[in-house]
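Please read these numbers as outputs of a predicted model, since none were measured by experiment.
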Amino acid sequence: MDTMRERFVSVTSQLLDEDPRLALVLAEITMDGFRPARERHPDRVLNVGIREQLLVGVGGGLALTGIRPIMHTFASFLVERPFEQVKLDFGHQGTGGVLVSAAASYDWPAGGFTHMAPGDVALLDTLDGWTVHVPGHPDEAEALLRHAYAAGDDRVYVRLSALSNGAPRPVDGLRTETVREGGSGVVVAVGPMLDNVLAATEGLDVTVLYAATVRPFDGAALRTAAGRAAADVVLVEPYLAGTSTGAAAEALVDVPHRVLGLGVGRAELRRYGTVDEHTAAHGLDARSLRERITAFLR
């Protein structure tokens, strides 16, 4: 199976051939994969070098001309480093574009903390009007990338990861899916967390919701699920723990409820290890999740 990042290259290369309105801006990262596309479209596949503020600035300038820009690099260099450009060159200017990241929360531990961005979604939450997709499988990544590229002039962030569930779910870029139904609580699994959540909740009387699009937050689906079950909600997200607890609380504002946010911890893990070791250290492996979910629901 190819990775989400490899699927990004193949899908985007195809759509660059088909849609003259699309342009891709890179900052060296993944440039090798796009060399054939750059040879075919040298005016629409631009590599600005290791200058991430310029990456976003060029994308913003293209958007002002009517181009649909796609900007890509590691999450820490796409959202965190050029945040001022994201805020001003798109939000302030009222333009749209697509940010596509790689190496999300801890996908490349050997790269160190400079290459980790567990706070990216929380940071975008400080801005208005961003749609955020968090696919859990390469097939979902393809569907959500196509959805993002065709989304008029909206501002969209597609958060790709090296982590993946074993099988894709049907995603439409809008709604949260009910995977299991139960009566003792609701567990919301985001993107590549689904397999671990399903393993962790095996045999438990809980509803499991799956979200591959987290902004806008599907409050209606959560309210419906909470109406069928106890209004005890656990959010399992592959980025900063608690990022969506406020959105969940807002969705249930008129319902007595409890919310637990599980995700990547704030403390920096300095012994970088492997991706699986990071998952376990943050309590996001199936065994840890089961302990934390059952303790909360009890």
(request) Return the set of residues passing salt bridge (charged side-chain N to carboxylate O under 4.0 Å, His left out) with E291 (not counting sequence neighbours), or none when no residue passes. (result) R287
Donor-acceptor contacts, no H, no angles, side chain residues 85-100, under 3.5 Å, sequence neighbours left out:
residue : atom : partner : partner atom : Å
T95     : OG1  : D89     : O            : 3.1

(request) Under the ring pair (Phe, Tyr, Trp, His ring centres under 6.0 Å) rule, collect the residues that match up with H278, sequence neighbours excluded. (result) Y106
(request) Taking ring pair (Phe, Tyr, Trp, His ring centres under 6.0 Å) as the test, write out the residues that go with Y157, two or more places apart. (result) none
I'd like a table of donor-acceptor pairs (distance under 3.5 Å, sequence neighbours excluded) in which one partner is a side-chain atom from residues 224-233, with atom names and distances.
residue : atom : partner : partner atom : Å
T224    : OG1  : A220    : O            : 3.0
D232    : OD1  : R258    : NE           : 3.2
D232    : OD2  : R258    : NH2          : 3.4

(request) To the nearest 0.5 Å, tell me how far I50 CD1 sits from T73 OG1. (result) 9.0 Å
(request) Output all residues satisfying ring pair (Phe, Tyr, Trp, His ring centres under 6.0 Å) with H137, sequence neighbours left out; order by chain, then residue number. (result) none
(message) So, using salt bridge (charged side-chain N to carboxylate O under 4.0 Å, His left out) as the criterion, who are the partners of D2 when residues are at least two apart?
(response) R7
(message) Once side chain to side chain donor-acceptor pair (under 3.5 Å) is applied, what residue pairs with a partner in residues 8-17 remain, sequence neighbours excluded?
(response) T12-Y149, Q14-E18, Q14-R146, D17-R40, D17-H41
(request) Taking side-chain hydrogen bond (donor to acceptor under 3.5 Å, both in side chains) as the test, write out the residues that go with T30, two or more places apart. (result) R5, H72
(request) Scan residues 114-138 for pairs that pass salt bridge (charged side-chain N to carboxylate O under 4.0 Å, His left out), counting only residues two or more places apart or in two chains. (result) D120-R159, D125-R215
(request) Test side-chain hydrogen bond (donor to acceptor under 3.5 Å, both in side chains) on H133 and T213 and set out the steps. (result) CA-CA 4 Å; H133 299 309; T213 298; 2.8 Å; yes
(request) Not counting sequence neighbours, which residues clear salt bridge (charged side-chain N to carboxylate O under 4.0 Å, His left out) with D276? List them please. (result) none
(message) Show the nearest heavy-atom pair for residues V171 and A212, with the distance to one decimal.
(response) CG1-CB, 3.7 Å
(message) Regarding R21 and D153, does a basic nitrogen lie under 4.0 Å from an acidic carboxylate oxygen?
(response) yes
(request) Determine the sole option in L235, L194, V197, T178 for which the side chain to side chain contact (heavy atoms under 4.5 Å, CB included) test with L209 is passed. (result) T178
(request) Apply salt bridge (charged side-chain N to carboxylate O under 4.0 Å, His left out) to E52 and list each qualifying residue two or more places apart in sequence or on a separate chain. (result) R81
